[in-house]
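Every chain is numbered from 1, with letters handed out A, B, ... down the list of sequences.
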Amino acid sequence: MESGEQIEIARNQLAAFLIERADQSECHAAGEGLSEIKLPERGKPVHKTHYCGAMNASHVGSTVKLAGWVGKRRDHGGLIFIDLRDRSGLMQLVFDQQLGVKMFRDAESLRSEYVIAVEGEVVRRAEDNINPALPTGDVEMRVARMEILNKSKTPPFYIEDDLNVDENLRLRYRFLDLRRPEMLERLKLRHRAVKLVRDYMDRFDFLEVETPMLTRSTPEGARDFLVPSRLHQGSFYALPQSPQLFKQLLMVSGIERYFQIVRCFRDEDLRADRQPEFTQVDIETSFFGPENLFALLEGLVAKLWKEIHNIEIKKPFLRMPYKEAMNRYGSDKPDMRFGMELIDLGDLAVKSSFKVFTSALDGGGAVKGLCVKGGKKMSRKELDDYTLFARRLGAKGLAWAFVEDSGWRSPISKFFEPDLLQEINRKMKAAPGDLVLFVADNWETTCQVLGHLRLALAPEEKSADPHFLWVVDFPLFHYNENEERYDSDHHPFTAPRLEDLQLLEKDPLSVRAQAYDLVLNGVEIGGGSTRIHDSETQARIFKLLGLTDEESREKFGFLLDALSFGAPPHGGIALGLDRMIALLTGDESIRQVIPFPKTAAASCLMTGAPASVDLAQLDELKIDLQPLDEKS
RNA sequence: GGAGCUGUGGUGUAGUCGGUUAACAUAUCGGCCUGUCAAGCCGAAGACCGCGGGUUCGAGUCCCGUCAGCUCCGCCA
């Protein structure tokens with residue numbers, strides 16, 4: 001492919017292109033703008049001596065080689081302009097008939113996304129030809145030589161930013177989608193963030209240790225992805241939902257400070273912020289304590305936001321108990337960028353004659369309200385839609401009232417004495433022109449439904465600053481109605497708060513866990529806990545979760561074993577890297593920051609995964625397929 | 001498992017109350033063109049309207065089913 005002539009040119013210019021590694025700082029920023037081409041010792045440039053995006057006035061007069069993809073082409077007949085694109089950016093090439101007839105004919109044949117290498121002089125553009133929109137807009141290359149390294153079919157969509165194309169197509173041709181500069185920027189930003197995490201953790205003596213991808217399935221939690229074993233027919237590995245047990249075992253091993261940037265797998269339905277495989281920044285510590293862990297994490301995310309967005313984050317972060325978060329925001333991951341808190345109306349609603357309210361309260365439930373400022377412009381249709389929305393979320397209904405000077409315009413106003421009505425208005429800080437919404441149900445449903453309504457009706461202008469907080473004091477268990485047993489709220493290795501330990505068997509639901517979530521702008525970006533580090537407490541928890549001694553020994557024997565050999569007090573956290581990156585890039589979906597994501601139906605449109613396999617493969621594993629469900 | 005939205009030349013869209021040649025932009029192909037950078041001008045080709053069925057004299061349009069993508073609920077320790 002490469003002509004001898006080109007090799008010659010490369011040799012002649014070699015000296016100028018070798019990079020000096022010696023003075024490179026520890027932090028080479030591949031995610032930053034690219035300047036000079038760096039090569040290993042004895043390296044020779046192939047096809048290019050410079051990056052397109054790095055060309056500027058300082059190169060004027062020198063002859064350089066560039067290589068990349070043909071972007072926009074502007075053919076004026078005797079003069080052709082080509083935007084040449086590589087990882088670093090764009091550079092305008094000028095093909096002039098007078099600089100060679102053959103080459104010019106080749107240039108006329110160039111089409112979008114052809115791969116070319118060019119050589120020529122960098123010249124300053126005439127004053128009125130400068131393109132201020134382009135970093136390289138002061139200069140252009142007068143092409144003296146060109147080689148077409150590869151042709152390209154016409155791409156199925158434009159390789160440009162801000163494109164509006166079916167996600168189907170983007171995912172099927174993800175390799176082209178990633179050619180778009182904005183997607184490249186996402187990959188670069190992710191690289192920088194990951195590197196920053198590694199450097200930061202290293203500075204605090206954390207050791208990055210790898211844990212198995214082929215491990216054993218454990219009960220509880222998400223569905224496992226299973227991997228059949230050939231050597232042990234009928235047995236299966238599971239891909240890790242997280243390295244939870246391994247990192248605890250590493251604490252028993254005496255690692256003391258562990259972290260890992262690690263892929264995790266959960267076979268559950270997808271969302272904009274959930275993929276079947278995703279990446280965690282996994283952290284575990286011994287002899288460290290939650291306070292140090294909070295400080296460590298706050299320092300880490302503050303550094304991320306500082307380095308990437310130059311935003312100073314105030315520390316320490318706000319801490320809020322789970323109960324309070326639910327009561328005030330109707331969510332265990334409250335978005336604190338705006339107020340609009342839920343107001344508890346139990347004390348006032350009880351004085352009304354509205355059965356829906358009073359019977360909810362009689363039944364031990366709650367009545368809460370939400371004030372929508374300026375909500376009077378809402379149409380009846382919209383109110384019906386929100387009522388439907390509330391019903392879908394589990395509420396029996398949605399009560400509403402337009403606040404007016406004379407009282408409420410509402411189907412339920414007749415159940416409230418004028419004084420009571422004013423009291424409610426006062427408590428909700430509702431003024432004429434506002435809309436107030438009420439939900440009456442059990443405590444959890446009431447909070448959750450209003451929490452969703454709060455987000456749906458959130459004001460346009462939210463605070464621009466990132467709002468971090470720790471949500472703490474989660475319950476240790478919740479009751480699983482379907483299975484009629486208690487389930488761990490976090491995971492079964494979470495330590496109860498010591499003062500709640502005596503309630504463990506008496507009143508499990510009131511036991512608080514030493515667990516915490518890190519929340520940013522309404523998104524849970526991490527969660528962790530102090531772990532149980534003695535085998536007796538661990539065994540008590542397993543029993544409460546309905547595991548028999550035999551079961552827990554079979555499934556978790558190695559953990560109980562490890563905890564009985566001098567396990568240090570330990571705890572940790574896992575951060576959702578994809579979510580964090582998506583927040584840094586401002587993307588709604590983590591698909592944008594995952595190079596090769598799955599669709600909502602968990603398939604890969606590019607590779608066609610998942611796919612059927614050869615019968616021979618199944619035979620080897622001694623796996624028979626049952627008749628498939630109808631739809632397949 | 002459930003709900004909602006979307007699906008029309010390669011791409012992005014329009015298509016009225018069901019009415020017969022499915023429109024526009026852009027990309028593509030051909031021609032012209034020496035300073036463009038969303039280049040311009042002229043011309044050509046390109047769709048059986050996601051798929052299947054139904055209603056109707058007649059369906060891109062209405063109905064049912066289905067597939068795909070997206071969003072949400074359930075689920076996700």
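At a threshold of 4.0 angstrom between heavy atoms, the contacts of A/R274 include nucleobase atoms, whether or not backbone atoms are also involved. As judged by a 4.0 angstrom heavy-atom cut-off over every strand, A/Q92 is placed among the base-contacting residues. As judged by a 4.0 angstrom heavy-atom cut-off over every strand, A/A601 is placed among residues touching the sugar-phosphate backbone only. When heavy atoms are screened at a 4.0 angstrom cut-off, A/T218 is found touching no nucleic acid atom at all. At a threshold of 4.0 angstrom between heavy atoms, the contacts of A/E524 with the nucleic acid are absent. Nucleic acid contact class of A/R591 (heavy atoms, under 4.0 Å, all strands): sugar-phosphate only. Within the nucleic acid shown, A/D487 has no heavy atom closer than 4.0 Å to any nucleic acid atom.
Remark: A/R85 is not in phosphate contact with B/C37, judged by side-chain N or O atoms under 4.0 Å from OP1 or OP2. For B/U36, neither phosphate oxygen OP1 nor OP2 lies less than 4.0 angstrom from any side-chain nitrogen or oxygen of A/R74.
For the P atoms, the distance from B/U61 to B/A22 is 15 Å, rounded to whole Å. B/A39 and B/A3: their P atoms are spaced 46 Å apart (whole Å). Rounded to a whole angstrom, the distance from the C1' atom of B/C41 to that of B/G15 is 29 Å.
A salt bridge links A/K396 and A/D441; the closest N-O separation between the charged side-chain nitrogens and carboxylate oxygens is under 4.0 Å. A salt bridge is absent between A/D384 and A/K381; no separation between the charged side-chain nitrogens and carboxylate oxygens falls under 4.0 Å. A/R531 has a carboxylate O that lies under 4.0 Å from a charged side-chain N of A/E284, or vice versa, which qualifies the two as a salt bridge. For the pair A/K543 and A/E505, the salt-bridge criterion is not met [side-chain N within less than 4.0 Å of a carboxylate O]. With salt bridges taken as basic N to acidic carboxylate O contacts below 4.0 Å, none links A/E268 and A/R274. Between A/D83 and A/K72 there is no salt bridge, since no side-chain nitrogen of the basic residue lies less than 4.0 Å from a carboxylate oxygen of the acidic one.
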Pairs: protein N or O with nucleotides 7-11 of chain B N or O, under 3.5 Å:
from	atom 1	to	atom 2	distance (Å)
B/G10	O2'	A/P156	O	3.3
B/G10	N2	A/Y158	OH	2.8

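Judged by distance alone with a 3.5 Å cut-off, a donor-acceptor contact links the side chain of A/R125 to the base of B/C37. The base of B/C76 lies outside donor-acceptor range of the side chain of A/R266, with no N or O pair under 3.5 Å. In this model, a side-chain donor or acceptor of A/R271 finds a partner on the base of B/G74 within 3.5 Å.
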Under a 4.0 Å heavy-atom criterion, the protein footprint on nucleotides 28-34 of chain B, written with B, S and -, is SSS--BB
Starting from the C-alpha separation in whole Å, work towards a yes-or-no answer on ring pair (Phe, Tyr, Trp, His ring centres under 6.0 Å) for A/F95 and A/F81. CA-CA 6 Å; A/F95 291 87; A/F81 298 98; 9.7 Å; no
Distance-only check: which donor-acceptor pairs under 3.5 Å involve side-chain atoms of residues 126-136 of chain A, not counting sequence neighbours?
from	atom 1	to	atom 2	distance (Å)
A/N131	OD1	A/A133	N	2.9
A/T136	OG1	A/L90	O	2.7

Distance-only check: which donor-acceptor pairs under 3.5 Å involve side-chain atoms of residues 98-105 of chain A, not counting sequence neighbours?
from	atom 1	to	atom 2	distance (Å)
A/K102	NZ	A/D106	OD2	3.0

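Across all strands shown, B/C5 pairs with B/G69; the Watson-Crick or G-U wobble distances both stay below 3.5 Å. Of all nucleotides present, none satisfies the Watson-Crick or G-U wobble test against B/U36 with each distance under 3.5 Å. With both pairing distances under 3.5 Å, B/A59 is matched to nothing as a Watson-Crick or G-U wobble pair. Pair assignment for B/A45: none, as no Watson-Crick or G-U wobble contacts are both less than 3.5 Å.
With hydrogens and angles ignored, the 3.5 Å screen pairs a side-chain donor or acceptor of A/D75 with a backbone N or O of A/G77.
Considering A/K333, A/R591, A/R579 in turn, A/R579 is the only one that fulfils the salt bridge (Lys or Arg N to Asp or Glu O under 4.0 Å) rule with A/D273.
The aromatic rings of A/Y173 and A/F175 lie perpendicular to each other, with more than 60° between the two planes, well past the 30° mark. Note: A/F389 and A/Y386 have perpendicular aromatic rings, judged against thresholds of 30 and 60 degrees for the angle between ring planes. Using cut-offs of 30° and 60° for the angle between ring planes, the A/F477 and A/Y486 rings count as tilted. Between A/Y322 and A/F474, the angle of the ring planes lies from 30° to 60°, which puts this pair in the tilted group.
Ranking B/C72, B/C37, B/C70 by closeness to the A/N129 side chain, first place goes to B/C37. The nucleotide whose nearest atom lies closest to any side-chain atom of A/R142 is, among B/G35, B/C76, B/U71, B/G35.
Residues of residues 602-611 of chain A having a heavy atom closer than 4.0 Å to RNA chain B, listed by number: A/S603, A/L605. The stretch residues 445-456 of chain A touches RNA chain B through A/H452, each having a heavy atom within less than 4.0 Å of the strand.
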